[in-house]
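FYI, the numbering just counts along the sequence from 1. Values in this document were obtained by computation on a predicted structure and should not be read as measured data.
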Amino acid sequence: MVAVIVFYWIPITSSDASIQWDAVDVHYSSQKYFADHVRVGELPFWTPYIFSGFPFLADPQVGAWYPPNWPFFLIGITPRAIQFELLLHALLACLGAFLFLQRYVSNRAASMVGALAYGLSGFFAEHSSHVGMFCTAAGLPWLLLCFDRALESAALRNTVLTGLAGGAMILAGHFQVALYSFAALGLFAIAKLIERPKSAARLFSILAGAAAISLLLSMIQTLPGLELAANSIRSGANYAATHERVLQPSALLNFFWPNATGIFAGVTDASYYLYSGFLLIPLAVLGLKNKTLRIPGLLLTVLPLWYMLGPDGGLYRLGAIVPGLHRVRAPIHFLFVALLGLAMLAAAGTAWLMERWKMRWLLILLPALFFAEVFYWNSVANPLAYARSSFDDLYGNRERLAEEKVLPTQPPLTRFEMPERLTVFGPLNHPLDLRLEAVYGYNPLELQAYVEYMAAAQTNSKLLNGLNVSRQLNTKLGAIEPNPNALPRAYFARKITTVSTAAESLALLPSLDPAETAIVEGTAPPNEPDAQATVSSQPGYVFQYHTSKPVLLKISIPYFPGWTASIAGRQYEILRVDHALMGVVVPAGQNKLVLQYGSNRFAVAAAVSSISLVLLLLALPLLRRQRPNS
């Protein structure tokens, strides 16, 4: 605990240190938005502020259901709170690794060296801005520890604990790292099977039970997340032949010298920061003398490193056959598993040295020397670990500029537009922070159809009128300009063009004038020129309209499953309009159309996860009575 607090002392106390990059743009903005709603008793299933509307709570990166995040949500999310989340999970990573290694290395000082080698490693320094990855990887030692205990004794109780650990890791919010963690569990299980082949039935039953428990507990996030992924830009992703973020053999030098990949010389590509202490590799080599840890250590080290070489290495192509892995784009992220394997061997090597030399001062010197080096290279001097400027200087002051200059002048129920991924207003997801309705945002699960619509808007600016954009940032002039041609949130287009496929609607976008024509997938009656509509509330919308015959009301909100449209209690079908938006054929008369969003999968998923958790917690006290050798 002291080591971890010292390691993070500067970023948690200094006014000239800050979280940075995705820790701000993704995690801070989304966690703060969620916490602000939860503290007033709301669950923000949908947000109107980014991408013209987005299924916010379906995004796993929010970490909404990850238990270690809940105290921070209740206290309130600040930039410093995110830094404390990192500190907490570094401590969990170190403590889990220490307890796991204690099962194999009787020397506590040696276990501490292995724990520091993992929890303060280059992977965690590199991914200090990727909070979900950081939190998920911190759980790996606990996953292996509980599984190992289940093999030895009290199989039912420890299988439940393994499942609880696995479920928590999935809920932490990073699918790829969770998938790699379960792959690591599989490799460790293979090592145990080689060691004790007669335990195959017990081993596979524990794995199956733990996997089932993990899936049931995480259902509250995975079911809505899968629905979002199916409609996102990742829906058709196939990285089986990717060469993006693969391990270059020359980068292996980074295991021995922290600046081998140039990060201390200003190179910001963090894909190859492997450094976890100069002593790590020599101690791991000595650790090969330990017959018990040799096979699991090598499996957890060699196979992930081989996989990280990408398609050219061969193993990655084989791994891509496994369901889910072909959609994982960065093989280098398997590094944390290799580092745990090296930490296991390093602990064994340290224990061998201490046993051979039997010098008391080694008990203090080796852990202290190891800590001092990683403290300097992976914290004090490392530009990846935290920013060397205050949050206000990097983000806060610019966000306040938008709060003062943009937000007060934005007309209600209209949207703001500027080129994506500009930091002129601070965090990339500043619309969430400011409650500014915008057509842009920052999320790797952005809706596919909406991305295609916005891509067409690059050449056909009239499409922005259809998104209700009333003001735009002109980057050339450095000024915010009104858009006099902005269309209302809901309106009746003059003409209807029907198509049968998404490909047809996409082909029509470059020439579409939304004020004149609405592209409808399906069937819709011709519109009439004098129909009128107004919107009166949000995020559940009420549209008052008047028309003399049934017509299509076009609504500039992204199409996504879960929206319902009703008039006087009767439900009406929601159609996909203009490729990415929504529309409803409303009956004649003067009526109110109520449009509401509710996740299709959340209720069932939440029930499954909640019931599973309650049953497991009730069962644990009973399982404590299980005989140790059962």
Any heavy-atom pair between the side chains of [Y] and [X] that's under 4.5 Å?
X: V113; Y: L101; value: no
X: S609; Y: L216; value: no
X: L615; Y: I611; value: yes
X: L620; Y: L164; value: yes
X: F175; Y: T222; value: no
X: Y118; Y: C94; value: no
X: I77; Y: F72; value: yes

Please name the pair of heavy atoms, one in [X] and one in [Y], separated by the smallest distance, quoted to 0.1 Å.
X: I12; Y: Q83; value: CG2-CG, 3.6 Å
X: F182; Y: G166; value: CZ-CA, 3.7 Å
X: I213; Y: T159; value: CD1-O, 4.0 Å
X: L57; Y: Q221; value: O-NE2, 3.8 Å
X: G76; Y: A81; value: O-CB, 4.1 Å
X: P224; Y: R601; value: N-CB, 4.3 Å

Does a side-chain N-to-carboxylate-O contact under 4.0 Å join E126 and R245?
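Result for this pair is no, no salt bridge flagged.
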Could you tell me whether E195 and K192 have a side-chain N and a carboxylate O separated by less than 4.0 Å?
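A salt bridge is present here (some side-chain N lies under 4.0 Å from a carboxylate O).
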[atom1]-[atom2] distance between [X] and [Y], expressed to the nearest 0.5 angstrom:
X: L145; Y: F188; atom1: CG; atom2: CZ; result: 9.0 Å
X: L305; Y: L300; atom1: CG; atom2: CG; result: 11.0 Å
X: L179; Y: S181; atom1: CG; atom2: OG; result: 8.5 Å
X: L384; Y: S379; atom1: CG; atom2: OG; result: 11.5 Å
X: I295; Y: I190; atom1: CD1; atom2: CD1; result: 11.5 Å
X: F123; Y: L339; atom1: CZ; atom2: CG; result: 8.5 Å

Centroid separation under 6.0 Å, is that true for the rings of [Y] and [X]?
X: Y597; Y: F45; result: no
X: F560; Y: Y450; result: no
X: H27; Y: H130; result: no

Side chain to side chain contact (heavy atoms under 4.5 Å, CB included) with F56: which of L432, L228, N443?
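Answer after filtering L432, L228, N443: L432.
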Report the C-alpha distance between Y275 and F255 in whole Å, list the side-chain angles of each, state the deciding distance to 0.1 Å, and finish with yes or no for ring-ring contact (aromatic ring centres under 6.0 Å, His included).
CA-CA 5 Å; Y275 191 73; F255 272 121; 8.9 Å; no
Treating [X] as the side-chain partner and [Y] as the backbone partner, does any N or O pair qualify as donor plus acceptor under 3.5 Å?
X: T301; Y: L298; answer: no
X: S610; Y: A607; answer: no
X: W46; Y: G598; answer: no
X: S129; Y: W21; answer: no

Decide yes or no on side chain to side chain contact (heavy atoms under 4.5 Å, CB included) for L120 and N378, but give the supporting numbers first.
CA-CA 7 Å; L120 305 183; N378 290 351; 5.6 Å; no
Any chance you could lay out the side chain to side chain contact (heavy atoms under 4.5 Å, CB included) test for S128 and Y386, step after step, and finish with the verdict?
CA-CA 7 Å; S128 292; Y386 55 90; over 6 Å; no
Can you see whether [X] engages [Y] through a side-chain donor-acceptor pair at a distance of less than 3.5 angstrom?
X: Q102; Y: S111; value: yes
X: T261; Y: Y273; value: no
X: D148; Y: Y104; value: yes
X: N429; Y: Y28; value: no

May I have the step-by-step check of ring-ring contact (aromatic ring centres under 6.0 Å, His included) for W70 and W65, ending in yes or no?
CA-CA 8 Å; W70 296 346; W65 311 114; 7.4 Å; no
